[in-house]
Amino acid sequence: MAELELKNINKDYKLENKTRFTALSDINVSFEKGELVSIIGESGSGKSTLMNIIGGLDSDYTGEIKIDGMDLKSFKEKQLDDYRKKKIGFVFQSFNLIPHLSILDNVTIALTLSNVKESVKNAKAIELLSKLGLKDHIKKKPTQLSGGQKQRVAIARALINDPDIILADEPTGALDSETTAQILEILKDIADNDNKLVIMVTHSEKVASISSRIVEISDGKIIKDEYKKDYVKNKPQEKLISENHEKAKEEKIEDKKPNKKKKEGHLSFLSALKLSFHNMWASKTKNILMAVGVSISLNAMILMLSLGSGLTGYINDTAQDYANPNFVTISKSGYDRDGNPLEENSNALIPRMFEPDEIDEIVHELNEICLVDNDFQVVTSGENQNLNYGFSTVTMGMGYISPVQNGEENNSEDISQQPSINPTANQEMILYTYTTPPYYTEENLLAGTMSGMNEIMLSSAAIDFLGLETPEDIENGDYYVTLSINMTYDNIPISIVKDVKVSAIIDVSIFSSMMVMYIDYDFLDACVIEAQERAQVLNPTGLKPSLLFIETNSEETTDLINNYINTYRKDLSGSVEEQLAAMFSEMMSTFSIALAVIAGISLVVALIMILVVLYMSVSERTREIGVLKSIGARKKDIKLIFSTESLLVGLLSGIVGIILSLVLGGILIAVFTALLGFAPIKMMWYYFLEALAISVVISVLAGLYPASKAAKLDPVESLRHE
Ligand code: ADP
Ligand code: MG
């Protein structure tokens with residue numbers, strides 16, 4: 001039985017305009033072991049086409065190829081991969097070494113595809129390379145070798161699986177005459193001593209002259225097939241293949257049956273990772289640049305998350321510090337009970353005063369809900385002191401923003417009955433005036449003591465603005481400012497001007513950049529009564545509250561009351577602080593959505609960028625893919641190689657992103673701390689993990705298409721690829 005038998009092989013190439021080109025017609029030929037066959041013929045005569053068909057790279061033909069008595073046509077994809085891996089060794093004109101792998105790795109690649117142990121495959125490769133005179137070059141890269149050396153590496157690669165057939169397509173086409181002779185000698189030796197079938201394509205008669213048989217092809221037909229009578233077999237010398245060759249041969253025969261039972265190893269994930277790593281390393285600059293590009297998106301994501309949680313956390317913390325959880329602060333919202341805006345009261349700067357009957361009504365309603373659920377009685381000052389429930393009085397307060405600019409107060413009628421307060425007249429200043437909340441204590445002061453009559457407390461920003469002294473000086477000294485309280489009664493402007501002591505610097509944390517003044521309710525009330533008396537108002541009412549503080553017995557009661565107000569009393573709302581905090585939170589969530597959208601877009605951009613880079617990598621490596629397929633790589637192996645590459649790209653981008661975020665975040669924290677005294681950036685460790693995971697996921701996703709594209713490449717076309 002012939003080693004290889006071709007029966008009636010016909011091959012047509014389909015051309016674009018639906019015509020066909022016959023590259024091979026009626027090829028009938030058989031080959032034996034130990035033959036060194038030269039296939040000669042003019043360029044374009046069909047030699048390579050024939051080799052590709054024999055080598056199992058091209059299955060689009062008619063006819064029969066018998067190998068070990070089996071028809072190649074009947075092979076399933078897996079068997080065909082195996083056939084290329086074990087039975088055939090390819091040698092190409094242009095060497096087709098994988099540029100990013102070392103000589104050793106180039107030779108062992110076919111074994112790597114079978115998951116052969118590192119030590120075993122390296123020993124095998126080193127033995128082969130030594131015999132081919134390349135022992136000292138195993139660590140080099142292909143570009144560091146001469147043409148003849150490269151072709152010897154390619155021969156070693158072809159021999160590594162100890163195939164029965166070596167297919168060499170113009171192996172000396174790119175070599176000078178001296179190296180040509182060396183390579184031919186090696187091929188002859190493989191046929192003679194290793195008893196392999198070597199089929200070599202050449203268009204040179206001189207090269208053909210050393211072979212045992214010459215088959216000439218012209219226009220896709222065999223026109224001559226002659227054995228050389230004067231062919232001298234090489235004397236048996238040291239065999240190229242290992243010593244235990246014969247023993248190996250025994251095993252091999254079983255081994256080579258494509259439908260053998262033994263479980264065959266495949267390219268391992270680790271080996272694929274190693275291959276990808278080598279490839280990425282070979283184009284470091286490109287990959288690092290891409291990773292930096294992708295990492296900018298990740299970085300944006302991490303920083304946005306950190307900023308989001310930093311700001312939210314900060315606002316929540318300060319809001320909690322600021323508002324006592326056992327107090328409900330109620331003010332008028334500017335809406336009616338049904339949530340419709342009250343037009344006449346649309347100005348946010350105006351304090352909306354509670355009339356006594358309105359306070360009674362609120363107290364009555366709150367008592368109804370509290371008594372049912374909470375045994376808690378809200379009382380207005382001085383009433384029901386002997387009830388058996390937990391109870392608290394409602395404390396009055398006032399808070400508004402003094403609309404004072406350039407020393408001229410806003411004399412809008414709405415506020416004329418309420419004081420417009422301005423410490424140190426004729427200063428340009430917008431001051432948030434607030435009567436000291438009942439829960440405010442010395443602990444909330446940055447310096448000084450709680451204010452009483454004829455005293456005020458100011459925020460640091462207000463202190464700075466007024467050119468007052470440092471905290472220590474406030475604590476120790478007597479610092480006075482002029483406070484003017486302006487009101488209008490019956491169109492008569494009344495101004496109460498007092499020298500007041502600045503008793504403390506208040507901690508208004510989140511609003512620390514705002515100018516805030518705290519004044520005692522009683523003191524302000526006294527000033528208002530003084531003004532009303534001066535204006536000869538008939539029934540001086542004193543200050544009307546714009547805030548109601550209800551002390552509760554627990555946070556649950558606070559929540560209960562707050563929920564009730566939020567749900568049923570649209571005309572009421574929490575304190576200005578709470579409103580501001582709520583506004584901040586709302587802004588933050590809008591902000592967060594905007595940031596998430598930006599981050600999302602940038603991740604899509606990153607995904608496309610990775611896709612483009614990996615796609616380019618596939619087209620750059622087309623030839624390599626062809627080579628891998630010619631040595632038996634399965635589609636899965638190719639996919640795995642490219643998928644691990646995308647995985648590495650993801651990891652690299654993620655790591656660069658994390659480093660960048662740490663650096664940038666650190667800088668931002670330093671800058672914020674220097675400027676504001678706090679940094680609204682809270683980097684959580686899991687943001688980094690998330691970013692890394694996202695990076696890996698998008699990279700792997702981006703890699704799917706290029707990887708499957710690579711796996712589907714036609715090996716013949718890939719090998720032709722320039
Ligand atoms: P050579 O003997 O030079 O190796 P080939 O086997 O490469 O010749 O090509 C044989 C003929 O088939 C040539 O005329 C070539 O143009 C044609 N051919 C090769 N590949 C293709 C293809 N993919 N599509 C169409 N024609 C092809
Ligand atoms: Mg050719």
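Order of listing sets the numbers, starting from 1, for every ligand and every atom in it. These numbers come from the heavy atoms of this one structure, side chains and all, not from hydrogens, waters or symmetry mates. The first residue in the sequence is number 1, and the count goes up from there.
Annotation: protein N, O or S atoms under 2.8 Å of the Mg ion (ligand 2) (waters excluded) comprise Ser48 OG.
Under the salt bridge (Lys or Arg N to Asp or Glu O under 4.0 Å) criterion, Arg157 pairs with no residue, sequence neighbours left out. Scored by the ring pair (Phe, Tyr, Trp, His ring centres under 6.0 Å) test, Phe642 finds no partners at all (sequence neighbours excluded). Shown here are the ring pair (Phe, Tyr, Trp, His ring centres under 6.0 Å) partners of Tyr615, two or more places apart in sequence or in another chain: Tyr705.
Summarising the local packing, NZ of Lys73 is surrounded by more than 12 heavy atoms from other residues, nucleotides or ligands at distances under 6.0 Å.
Taking a distance limit of 4.0 Å, we find that atom 15 (C) of ligand 1 is approached by no protein heavy atom.
Counting heavy atoms under 4.0 Å from ligand 1, residue Arg720 touches it through the side chain alone.
Here the heavy atom of the protein found nearest to atom 27 (C) of ligand 1 is Tyr13 CD1, 3.2 Å. For atom 9 (O) of ligand 1, the closest non-hydrogen atom of the protein is Thr49 OG1, 3.6 Å. Looking at atom 4 (O) of ligand 1, its nearest protein heavy atom turns out to be Ser48 OG, 2.7 Å.
Under a 4.0 Å N-O distance rule, the pair Glu5/Lys66 does not qualify as a salt bridge.
Rounding to the nearest 0.5 Å gives a distance of 10.0 Å between CG of Asp136 and CD of Gln149. If you take CG on Leu4 and CD1 on Ile88, they are separated by 7.0 Å, rounding to the nearest 0.5 Å.
Interface of Leu15 with ligand 1, defined as ligand atoms under 4.0 Å from a residue heavy atom, comprises 25 (C).
Residue Gly44 holds the heavy atom nearest to atom 8 (O) of ligand 1 of all those in Gly44, Gly41, Ser43.
Taking the ring axis of Tyr13 as reference, the NZ or CZ atom of Lys11 stays within 45° of it and closer than 6.0 Å to the ring centre.
Side chain to side chain, Tyr61 and Thr49 fail the donor-acceptor criterion of an N or O pair below 3.5 Å.
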